[in-house]
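In what follows, a single structure is set out as structure tokens and then discussed.
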Amino acid sequence: MLAIIGGSGLTQLANLDVSHREVVRTPYGEPSGPITFGQICGSPAVFLARHGYGHTIPPHEVNYRANLWALSKCGALGIVSVASVGSIRADLKPGDVVVPHQIIDYTWGRKATFHEGPDCKVTHIDFTDPYDKILRQKLLDAAGVVGIAVTASSVYAATQGPRLETAAEIDRLERDGADVVGMTGMPEAVLARELDIPYAAINLVVNYAAGRADSRDGISFEAIESVLHQSMVGVRAIIEQVVGCNALGGASS
Ligand code: HPA
């Protein structure tokens, strides 16, 4: 069964035929909200709104460990993370959809591992490829089927937030090799890896990053809202396709 973590602009999945919601208790505290169970095109899926169903939890206060642990407990065999991003690259414009292949992590002070505590052995995990290749390919294939153009190769920079970046910080991220910037991709991706759950992301570009193009003199939140409103429909179509056609999403699994 696939799990979808929805970000800004995706606090519920309109195409999810909801069967029930479950409050999951975890050793790490409260997840962002109850887990929503349902079906998309007859295939089971679970959904969690990363920022809470009322969009009240900022990126640095999301309990990523509780969220990932809860989804694992609910039987998630794959996780598709949906998040909005700013574009650092001139050729990625608001409304574009990106399936990133790499991450640079600039976050700090977040609980970023399950492998800690007095009785826990020191554990390192391989994170060379932070996203699951097979699930990424399924997202790309699904986008192709529903006719949504996606950029299949991009480096995601995870910043701390909740403030947006300065123009100089964006210049630095570009020098580092980042293409898009968001605030929630880490530690979500690494926690999924620690739990051995395939994880991939769909990023919707909602603005040019600070200092770039029409964000040269500032970022317009009205414009972000409008892109979220108009372009999330494509992201929903990809999700519907990937859950419906995904072997992990099949009714028998
Ligand atoms: N920066 C960081 N996170 C974001 C942005 C941005 O410009 N846009 C959407 N999420």
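Each ligand, and each atom within it, is numbered from 1 in the order the structure gives. We count residues from 1, following the sequence as given. From a predicted model like this one, the values you see are computed outputs, not experimental measurements.
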> Applying side chain to side chain donor-acceptor pair (under 3.5 Å), which residue pairs with at least one partner in residues 9-20 are found, sequence neighbours left out?
Replying inline: N15-E240

> Going by distance alone, is a donor N or O of one side chain under 3.5 Å from an acceptor N or O of the other, for E165 and T159?
Replying inline: yes

> Any side-chain donor paired with an acceptor under 3.5 Å for H51 and S32?
Replying inline: no

> Does R136 use its side chain to pair, donor to acceptor, with the backbone of A152 at less than 3.5 Å?
Replying inline: yes

> Who are the residue neighbours of ligand 1 when the rule is a heavy atom under 4.0 Å from any of its atoms?
Replying inline: S84, V85, G86, L164, E165, V181, G182, M183, V206, N207

> Ring centroid separation for F47 and F37, is it under 6.0 angstrom?
Replying inline: no

>> More than 12 heavy atoms of other residues, nucleotides or ligands under 6.0 Å from CG of D91: yes or no?
In response: yes

